[in-house]
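Working notes for the structure below.
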2 protein chains.
Amino acid sequence: MKRTKENIVYNEEAEQLAKFAKALAHPIRIEILKQLESQSCCFTGDLVDVLPLAQSTISQHLKELKNAGLIQGEVNPPKIKYCVNQENWAKAKKLFNNFFSTENMPSCNDGEC
Amino acid sequence: MKRTKENIVYNEEAEQLAKFAKALAHPIRIEILKQLESQSCCFTGDLVDVLPLAQSTISQHLKELKNAGLIQGEVNPPKIKYCVNQENWAKAKKLFNNFFSTENMPSCNDGEC
DNA sequence: AATAATTATCGTAAATTTGCGATGAACTAT
DNA sequence: ATAGTTCATCGCAAATTTACGATAATTATT
C-alpha cells in the first residue's frame, strides 16, 4: 500500500469485479467452490478431508469466500453447511461475462496502431 | 505462506484459473484492461495520464498483467505499446465461463441438504 | 456435568502485494 | 555529445495474505 493510508477511489464496477476476482485468486478457493458447485452443499469437515490444508486454514479461506459474498453458511449443529450464494454467484458470472465480452475489442494489429 | 516453504500441488486448471483471477484482483488492473480493450492498444504514458497512480506503480501492474499472460507489449520506440493477448484472453474467458456455468449445480435448498 | 465433535478465532511467522520516489536504460532529437 | 522522453527497475515501508498449531465456542450425546 501507499506510504500513508490514503484511499484511492475506483470505478465501482471495477471494484466489485476485482473483489470477486480476488476471492478466486487462490487455487484452494477454486477447489472449494467446485466442491460446493458439484455437491450442492457440504460441511467444512468434508472439505478438510479432501483438501491438503489444515482445518484452520480452510476455515480462513471459507471466511474470505463468505466475505466476498460467493458462499453462505447455514448452521446445522454442530456442523455448518456451506453453499454457493446463488444471487452473488450470478452477479459474478455476469460481471466476468461482460468483462470478457470482446464485442468491440479491436485487434492489436489494426491499422491505427 | 507456510512455516517453511513447501509446495502444495493443486489441480492444474484450478491453478491457471486462480492465476488469471489474481491478475484481475485489483481494480486498477481491471481499469487498465478496460482501456486496452476499448482502445485496441495504448502506451504506458497514456495510462499514467488517466489513472491515479504513479508511473512506477502502473508499470508494476502492467508487469503483473504481462506475467499472467493477459497482455503483451511491443516496442515502438521510445514508447511501448501494450495490447491484450488475444490467445490467453480467450483462454481466460473460457475458463471463467466454464467455472461459472451452473449446468449441474444443485440449489442449496434441495431435499438432500 | 462431562465428553465428544465440529468449526471459528487467536497469535505468530513468513511471504507477497502495494505504493512511492529515485534512478537506470533505451531511444530520439537537437 | 547533450538533453529530453519514455518506460523499467531498485529500494524501501506499510499492508495484506497465507499457513499453522493452539485454543475457544457451540451444540449433541452420554
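All figures in this text were calculated on a predicted structure; none of them were measured in a lab. Letters go in sequence order (proteins before strands), and every chain restarts at 1.
Proximity of A:Phe99 to B:Leu24: side-chain heavy atoms (C-beta onward) are separated by under 4.5 Å at one or more points. Between B:Cys42 and B:Leu36 the shortest side-chain heavy-atom distance falls below 4.5 Å. Side-chain contact between A:Asn85 and A:Leu70 is absent, with no heavy atoms from C-beta onward closer than 4.5 Å.
The side chain of B:His26 approaches C:dT18 more closely than any other nucleotide in the set C:dT18, D:dT9, D:dT18. Distance from the side chain of A:Ser56 is smallest for C:dT9 among the nucleotides D:dT18, C:dG19, C:dT9.
Sorted by first then second residue, the salt bridge (charged side-chain N to carboxylate O under 4.0 Å, His left out) pairs that include residues 46-70 of chain B, not counting sequence neighbours, are B:Arg29-B:Glu64.
For the OP1/OP2 pair of D:dT17 and a distance below 4.0 Å, the side-chain nitrogens and oxygens of A:Lys22 include at least one atom meeting the criterion. One finds a side-chain N or O of A:His61 lying less than 4.0 angstrom from the OP1 or OP2 phosphate oxygen of D:dA19. When the side-chain nitrogen and oxygen atoms of A:Thr57 are compared with OP1 and OP2 of D:dC20, one or more of them lie within a distance under 4.0 Å.
Between A:His26 and A:His61, the two ring planes are tilted [angle within 30° to 60°].
Between B:Gln60 and A:Gln60, the residue whose closest nucleotide on DNA chain C is further toward the 5' end is A:Gln60.
Taking atom CD on A:Glu15 and atom P on C:dT18, their separation rounds to 13 Å, with Å as the unit. Taking atom CG of residue B:Leu53 and atom P of nucleotide C:dT17, one finds them 17 Å apart after rounding to whole Å. Rounded to whole Å, atom P of C:dC20 lies 11 Å from atom CG of B:Leu51. Taking atom CD1 on A:Ile28 and atom C1' on D:dT18, their separation rounds to 11 Å, with Å as the unit. Counting to the nearest Å, the P atom of D:dT18 and the CD1 atom of B:Ile8 are 12 Å from each other. To the nearest angstrom, P of D:dT26 lies 17 Å from CG of A:Asn76. Rounded to whole Å, the distance from CG on A:Leu65 to P on D:dT18 is 10 Å. Counting to the nearest Å, the P atom of D:dT16 and the NZ atom of A:Lys19 are 14 Å from each other.
In this structure, A:Lys66 reaches neither bases nor backbone, as no heavy-atom distance under 4.0 Å exists between it and the strands shown. Within 4.0 Å (heavy atoms only), A:Glu64 reaches sugar-phosphate atoms of the nucleic acid but no base atom.
A cation-pi geometry, defined here as NZ or CZ lying under 6.0 Å from the six-membered ring centre and within 45° of its normal, holds between B:Lys79 and B:Phe43.
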With the criterion being N/O to N/O and under 3.5 Å, what pairs connect the protein with nucleotides 3-7 of chain D, and how long is each?
{"residue": "D:dC7", "atom": "OP1", "partner": "B:Thr44", "partner atom": "N", "Å": "3.4"}
{"residue": "D:dC7", "atom": "OP1", "partner": "B:Ile80", "partner atom": "N", "Å": "3.4"}
{"residue": "D:dC7", "atom": "OP2", "partner": "B:Gly45", "partner atom": "N", "Å": "2.7"}

request  = Please lay out, stage by stage, how A:Phe100 and B:Lys94 fare under the test side-chain contact (heavy atoms from CB on, under 4.5 Å).
outcome  = CA-CA 9 Å; A:Phe100 279 109; B:Lys94 192 181 290 183; over 6 Å; no

